[in-house]
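Heads up, the thing below is written out as structure tokens.
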Amino acid sequence: MDKNKAKNQKQARRHARVRAKVSGTATCPRLSVFRSNRGMFLQLVDDEAKTTLASAGVKELKQAGTKTEASKELGKLIAEKAKGKKIEAVVFDRGSYKYHGRVKAAAEGAREGGLNF
């Protein structure tokens, strides 16, 4: 089997395992994380209505610094957008990523911004 195909299958399995346990509603949406080499994106998703309530990407930030610092600022930004929509509690969906580094920084930034996990 091709190495990349095996890697993608493992990632899909991890993501499915996390998603089986995490679901969002209108009052308590899912905070979904997508991390790429260049940037990071956060979304507040209502899984019942299948809609995105708010989203934020690294390109929206004025100054980034390191990727980890930018992730923390991004967490604060999504928390501000959630407050604007009167959302205070979310469930955190780390996707297939480990909870460390940029993913952890984004979660900490969202908590500092006032979101409850």
Side-chain angles (χ1 to χ4, degrees):
M1 182 180 286
D2 186 23
K3 283 185 180 181
N4 286 332
K5 189 172 183 181
K7 183 179 173 184
N8 289 340
Q9 286 177 344
K10 283 182 180 180
Q11 181 180 5
R13 228 181 354 253
R14 280 193 310 268
H15 189 73
R17 187 168 52 238
V18 170
R19 283 290 291 121
K21 300 172 187 172
V22 176
S23 180
T25 63
T27 56
C28 185
R30 174 171 55 96
L31 177 58
S32 176
V33 174
F34 175 74
R35 186 190 73 180
S36 71
N37 286 338
R38 289 188 177 189
M40 187 168 199
F41 304 90
L42 302 176
Q43 287 185 338
L44 291 175
V45 181
D46 176 6
D47 289 316
E48 292 176 345
K50 298 180 181 170
T51 57
T52 298
L53 305 174
S55 65
V58 172
K59 290 186 179 183
E60 294 179 40
L61 300 174
K62 303 285 186 254
Q63 56 184 1
T66 65
K67 290 179 184 179
T68 307
E69 291 169 357
S71 298
K72 192 164 194 169
E73 292 300 316
L74 192 61
K76 291 178 184 177
L77 178 64
I78 197 77
E80 286 177 23
K81 289 184 177 186
K83 291 274 185 185
K85 297 194 180 256
K86 297 183 175 124
I87 297 169
E88 295 184 11
V90 297
V91 288
F92 190 69
D93 176 16
R94 63 182 174 85
S96 61
Y97 312 112
K98 289 182 179 179
Y99 185 79
H100 74 100
R102 290 192 281 161
V103 176
K104 185 177 180 181
E108 289 172 353
R111 283 190 187 104
E112 285 178 18
L115 286 179
N116 296 324
F117 286 35

Is it true that a side-chain atom of [X] and a backbone atom of [Y] form a donor plus acceptor pair closer than 3.5 Å?
X	Y	value
Glu60	Gly57	yes
Arg19	Val22	yes
Arg35	Arg94	no
Tyr97	Val103	no
Asp47	Gly24	yes

Atom [atom1] of [X] and atom [atom2] of [Y]: how far apart are they, to the nearest 0.5 Å?
X	Y	atom1	atom2	value
Ile78	Leu31	CD1	CG	6.5 Å
Leu53	Arg30	CG	CZ	10.5 Å
Glu73	Lys62	CD	NZ	12.0 Å
Ser96	Arg13	OG	CZ	12.0 Å
Lys76	Arg111	NZ	CZ	14.0 Å
Asn8	His15	CG	NE2	13.0 Å

Testing the basics here: between [X] and [Y], what is the closest heavy-atom pair and its distance to 0.1 Å?
X	Y	answer
Gly114	Ala79	N-CB, 4.4 Å
Asp46	Ala26	OD1-N, 3.4 Å
Val33	Leu42	CG2-CD2, 3.5 Å
Ile87	Pro29	CG2-CD, 3.6 Å

Check: So, do Arg14 and Arg17 sit near enough that their side-chain heavy atoms are less than 4.5 Å apart?
Finding: yes
Item to complete: Please say whether more than 12 non-hydrogen atoms of neighbouring residues, nucleotides or ligands are located less than 6.0 Å from NZ in Lys81.
Response: yes
Cluster overlap [X] with [Y], hydrophobic side-chain contacts below 4.5 Å:
X	Y	value
Leu61	Phe34	yes
Val45	Phe117	no
Leu44	Phe92	yes

Is the shortest side-chain N to carboxylate O distance from Glu112 to Lys72 below 4.0 Å? yes
